Amino acid sequence: MEIPPGAEALEVVRLDRQADPWGPTAGGTTVGVWTGAEAAGALALVASLPPGEPARCFTPTWGLRAHDAELNHLYDVTPCFSCNRVLLTGPAVPEQLGRSHGFDGESPAAQALLSLFRACEEIPAVVPAGRMSALPQPVLDLPGTGGLHLRPWEPDDAPALIRAGLEPDIRHWNRTDRFTLAEAEKRIARYGRRWETEKAAAWAVAPAAGGQALGLIGLADLDLHGGSGEIMYWLLPAGRGSRVMTEAVTSVTRWAFAELGLHRVRITHSVANPASCRVALKAGYPLEGTMRGALLHADGWHDEHLHARLRTDGPPGADSH
């Protein structure tokens, strides 16, 4: 990735999650200033980010505001380590450099850059770096679901991902991709890597006695430093019923609080998707409000419900029956 020349100082900005993520870093709080070798090293890491395929979320928490020797503003660098996209904007950015670039979030350069950002944070991490990757991904029981459990995804589950991409409701509400067999196998391998790099966790809803996945539940948009994450899920028709997803959400929530140590877990869904709303409420996630025009689906922008639980709310599921 090519960076404009001339930067002598970098403001390290902690971004406000309520601000426009596609806007300037002026919406954040300066938590550090890098000059000399520090600034050069950080920009070298940005420039060396290998290309990668970005996801859709773009919820950045960090930014760099670059200045010249006279402290004139040159440009902003805004990376999102959840979706692996970096924005390069500002008066010194020529049009040919482009604005949005995907990068490999699992690369050494990306991990080193994230470590530099985190070192500027004065508030201690809710979940220390390395805790999640040191844990084996657990198998979680789903009582009362007819013999189902949650386990890590396996290469033999690739047909389930292919079927999910062909289901109209899953494709609409989860914006799931269509996969070839090779693409599905590649995505499953990525699930494992994202656990190792502490970016997300994905479980297959599957028969405990053996068999292919019937659905997915994941803990995504992880901010371990800030102690939060978001649960997302889908079920193929063959897995629906018997409170399957309610039990899956309850099990993942219990693990996220008790074992991983998160403070807050949320669920968001379109207001036009009452089935997902019922799952959230039955799993003990109260409705906190409505986010207007929050997510673009195939038929346009949808308002979204925001549900959440705190670790201090007590055991998940205790107030949902």
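Remember, it's a predicted structure, so these values are computed and weren't measured experimentally.
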Visitor: Starting at OG of S133, measure out to NZ of K199 and round the result to the nearest 0.5 Å.
Guide: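 It is 13.5 Å, given to the nearest 0.5 Å.
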
Visitor: side-chain contact (heavy atoms from CB on, under 4.5 Å) for R65 and L10? Distances and angles first, verdict last.
Guide: CA-CA 5 Å; R65 191 179 299 141; L10 299 177; over 6 Å; no

Visitor: Scan side-chain atoms only and decide if T290 and D303 contain a donor-acceptor pair under the 3.5 Å cut-off.
Guide: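 There is no such pair (donor and acceptor under 3.5 Å, judged by atom type) between the side chains of T290 and D303.
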
Visitor: Where do R264 and E288 land on the salt bridge (charged side-chain N to carboxylate O under 4.0 Å, His left out) test, with the steps shown first?
Guide: CA-CA 13 Å; R264 174 181 167 90; E288 293 190 341; 2.7 Å; yes

Visitor: Say whether, by atom type as modelled, one donor and one acceptor occur between the side chain of N174 and the main chain of Y233 under 3.5 angstrom.
Guide: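 It does hold such a pair.
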
Visitor: Is it true that a side-chain atom of D68 and a backbone atom of E70 form a donor plus acceptor pair closer than 3.5 Å?
Guide: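 It does hold such a pair.
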
Visitor: What's the shortest heavy-atom distance between G300 and H302, and which atoms?
Guide: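 Looking at all heavy atoms of both residues, the closest pair is O-CD2, 3.2 Å.
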
Visitor: When you compare the side chain of L87 with that of D76, does any pair of heavy atoms fall below 4.5 Å?
Guide: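 Side chain of D76 against side chain of L87, heavy atoms only: no contact under 4.5 Å found.
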
Visitor: Looking at V31, T30, V13, which hits side chain to side chain contact (heavy atoms under 4.5 Å, CB included) with C120?
Guide: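 For C120, the side chain to side chain contact (heavy atoms under 4.5 Å, CB included) test succeeds with only one of V31, T30, V13, which is V31.
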
Visitor: Would you say the side chain of L161 lies within less than 4.5 Å of the side chain of T176, judging by non-hydrogen atoms?
Guide: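 Of all side-chain heavy-atom pairs linking L161 with T176, none is under 4.5 Å.
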
Visitor: Do W62 and F103 share a hydrophobic cluster (ILVMFWY, side-chain heavy atoms under 4.5 Å, transitive)?
Guide: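 W62 and F103: one cluster.
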
Visitor: Below 4.5 Å, heavy atoms only, C-beta onward: do H269 and W173 meet side chain to side chain?
Guide: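 No, side chains not in contact.
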
Visitor: When rounded to the nearest 0.5 angstrom, what is the spacing between CD in E196 and CD in E106?
Guide: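 One finds 8.0 Å between CD of E196 and CD of E106.
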
Visitor: Could you tell me whether the side chain of L64 reaches within less than 4.5 Å of the side chain of P79, counting heavy atoms only?
Guide: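 The answer is no, as the side chains (C-beta and beyond) never meet within the 4.5 Å cut-off.
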
Visitor: Does the distance from a Lys or Arg side-chain N to an Asp or Glu carboxylate O, for R240 and D169, drop under 4.0 Å?
Guide: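 Salt bridge between R240 and D169, a charged N being under 4.0 Å from a carboxylate O: yes.
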
Visitor: Could you check whether any side-chain heavy atom of D141 comes within less than 4.5 Å of a side-chain heavy atom of L150, counting everything from C-beta outward?
Guide: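 Contact flag for D141/L150 side chains = no.
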
Visitor: Tell me whether L216 is reachable from V279 by hopping between hydrophobic residues (I, L, V, M, F, W, Y) whose side-chain heavy atoms are closer than 4.5 Å.
Guide: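 V279 does not cluster with L216.
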
Visitor: Report yes or no: does E198 contribute a side-chain atom to a donor-acceptor pair with the main-chain N or O of M132 at less than 3.5 Å?
Guide: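 Pair found, side chain donor or acceptor close to backbone of M132.
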
Visitor: Considering non-hydrogen atoms only, spot the tightest contact between L43 and A7 and give its length.
Guide: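 What the structure gives for the nearest pair is CD1-CB, 3.8 Å.
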
Visitor: Report whether L306 and L295 are members of the same hydrophobic cluster (ILVMFWY, side-chain heavy atoms less than 4.5 Å apart, transitive linking).
Guide: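 Unlinked, L306 and L295 end up in two clusters.
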
Visitor: Cluster question for you: counting only ILVMFWY and a side-chain heavy-atom cut-off of under 4.5 Å, with indirect links fine, are V12 and L49 together?
Guide: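 V12 clusters together with L49.
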
Visitor: Is a donor on one side and an acceptor on the other found under 3.5 Å between the side chain of S107 and the backbone of D104?
Guide: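 Checking the backbone N and O of D104 against the side chain of S107, a donor-acceptor pair under 3.5 Å is found.
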
Visitor: Which residue pairs satisfy the side-chain hydrogen bond (donor to acceptor under 3.5 Å, both in side chains) criterion with at least one member in residues 206-219, sequence neighbours excluded?
Guide: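 Sorted pair list: R163-Q212.
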
Visitor: Taking all atoms of both residues into account, what is the closest heavy-atom pair of A206 and G211, and its distance?
Guide: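 Scanning both residues completely, I find the closest heavy atoms to be CB-O, 4.1 Å.
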
Visitor: Got a second to check how far Y285's OH is from I267's CD1, nearest 0.5 Å?
Guide: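 Between Y285 OH and I267 CD1, I get 5.0 Å after rounding to 0.5 Å.
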
Visitor: Do L88 and T78 come within less than 4.5 Å of each other through their side chains, counting heavy atoms only?
Guide: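 Sidechains of T78 and L88: no contact.
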
Visitor: Give, for atom CZ of R309 and atom OG1 of T250, the distance between the pair rounded to the nearest 0.5 Å.
Guide: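 One finds 8.0 Å between CZ of R309 and OG1 of T250.
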
Visitor: I would like to know whether L235 and V205 meet side-chain contact (heavy atoms from CB on, under 4.5 Å); could you show each step before the answer?
Guide: CA-CA 8 Å; L235 273 175; V205 181; 4.2 Å; yes

Visitor: With rounding to the nearest 0.5 Å, note down the distance linking NE2 in H305 to CE in M291.
Guide: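 It comes to 9.5 Å.
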
Visitor: Would you list the pairs meeting side-chain hydrogen bond (donor to acceptor under 3.5 Å, both in side chains) in which at least one residue belongs to residues 150-160, sequence neighbours left out?
Guide: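 side-chain hydrogen bond (donor to acceptor under 3.5 Å, both in side chains) check on residues 150-160 returns R151-D157.
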
Visitor: Please work out which of the three classes, parallel, tilted or perpendicular, describes the rings of H172 and H297, given edges at 30° and 60°.
Guide: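 Judged by the thresholds at 30° and 60°, the geometry between H297 and H172 is tilted.
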
Visitor: Test question: given the 4.5 Å side-chain rule for I, L, V, M, F, W and Y, name all other residues clustered with L296, or answer none.
Guide: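 Listed partners: W301.
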
Visitor: Please walk me through it: do D177 and R171 pass salt bridge (charged side-chain N to carboxylate O under 4.0 Å, His left out)?
Guide: CA-CA 7 Å; D177 295 327; R171 185 163 176 79; 5.5 Å; no

Visitor: What is the minimum heavy-atom distance between Y75 and V93, and which atoms define it?
Guide: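 For Y75 and V93, the tightest heavy-atom pair comes out as CB-CG2, 3.6 Å.
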
Visitor: I would like to know whether V244 and L148 meet side-chain contact (heavy atoms from CB on, under 4.5 Å); could you show each step before the answer?
Guide: CA-CA 8 Å; V244 170; L148 299 178; 3.8 Å; yes

Visitor: Does E230 reach the main-chain N or O of L219 with its side chain, forming a donor-acceptor pair under 3.5 Å?
Guide: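 Judged by distance alone, no pair lies under 3.5 Å.
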
Visitor: Please check: side-chain N/O of T253 versus main-chain N/O of V265, any donor-acceptor pairing under 3.5 Å?
Guide: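 Pair absent, no side-chain N/O of T253 close to backbone of V265.
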
Visitor: What closest approach, in Å, do S228 and R266 show between heavy atoms, and which atom pair accounts for it?
Guide: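 Looking at all heavy atoms of both residues, the closest pair is OG-NH1, 4.0 Å.
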
Visitor: Under the side-chain contact (heavy atoms from CB on, under 4.5 Å) rule, what do V77 and V46 come out as? Steps first, then yes or no, please.
Guide: CA-CA 8 Å; V77 178; V46 174; 4.0 Å; yes

Visitor: Run the side-chain hydrogen bond (donor to acceptor under 3.5 Å, both in side chains) test on T89 and R99 for me, step by step, so that the C-alpha distance in whole Å, both residues' side-chain angles and the decisive distance to 0.1 Å come before the verdict.
Guide: CA-CA 6 Å; T89 57; R99 183 169 187 261; 5.7 Å; no

Visitor: Working to the nearest 0.5 angstrom, can you tell me the gap between T268 OG1 and N273 CG?
Guide: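 Interatomic distance, T268 OG1 to N273 CG, rounded to 0.5 Å: 10.5 Å.
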
Visitor: Between L71 and A9, what is the shortest heavy-atom contact and its length?
Guide: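 The answer is CD2-CB, 4.5 Å.
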
Visitor: Taking W234 as the starting point, is it possible to reach V252 by hopping between hydrophobic residues whose side chains are less than 4.5 Å apart?
Guide: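 As far as the 4.5 Å side-chain criterion goes, W234 and V252 are not connected within one cluster.
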
Visitor: Below 4.5 Å, heavy atoms only, C-beta onward: do L236 and E167 meet side chain to side chain?
Guide: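 L236 vs E167: side chains touch.
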
Visitor: Should W203 and H149 be marked as a ring pair (Phe, Tyr, Trp, His ring centres under 6.0 Å) after you check the CA-CA gap, both sets of side-chain angles, and the distance that decides it?
Guide: CA-CA 9 Å; W203 283 268; H149 69 175; over 10 Å; no

Visitor: Quick one, E247 and P143 - any side-chain contact, counting heavy atoms below 4.5 Å?
Guide: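 E247 vs P143: side chains touch.
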
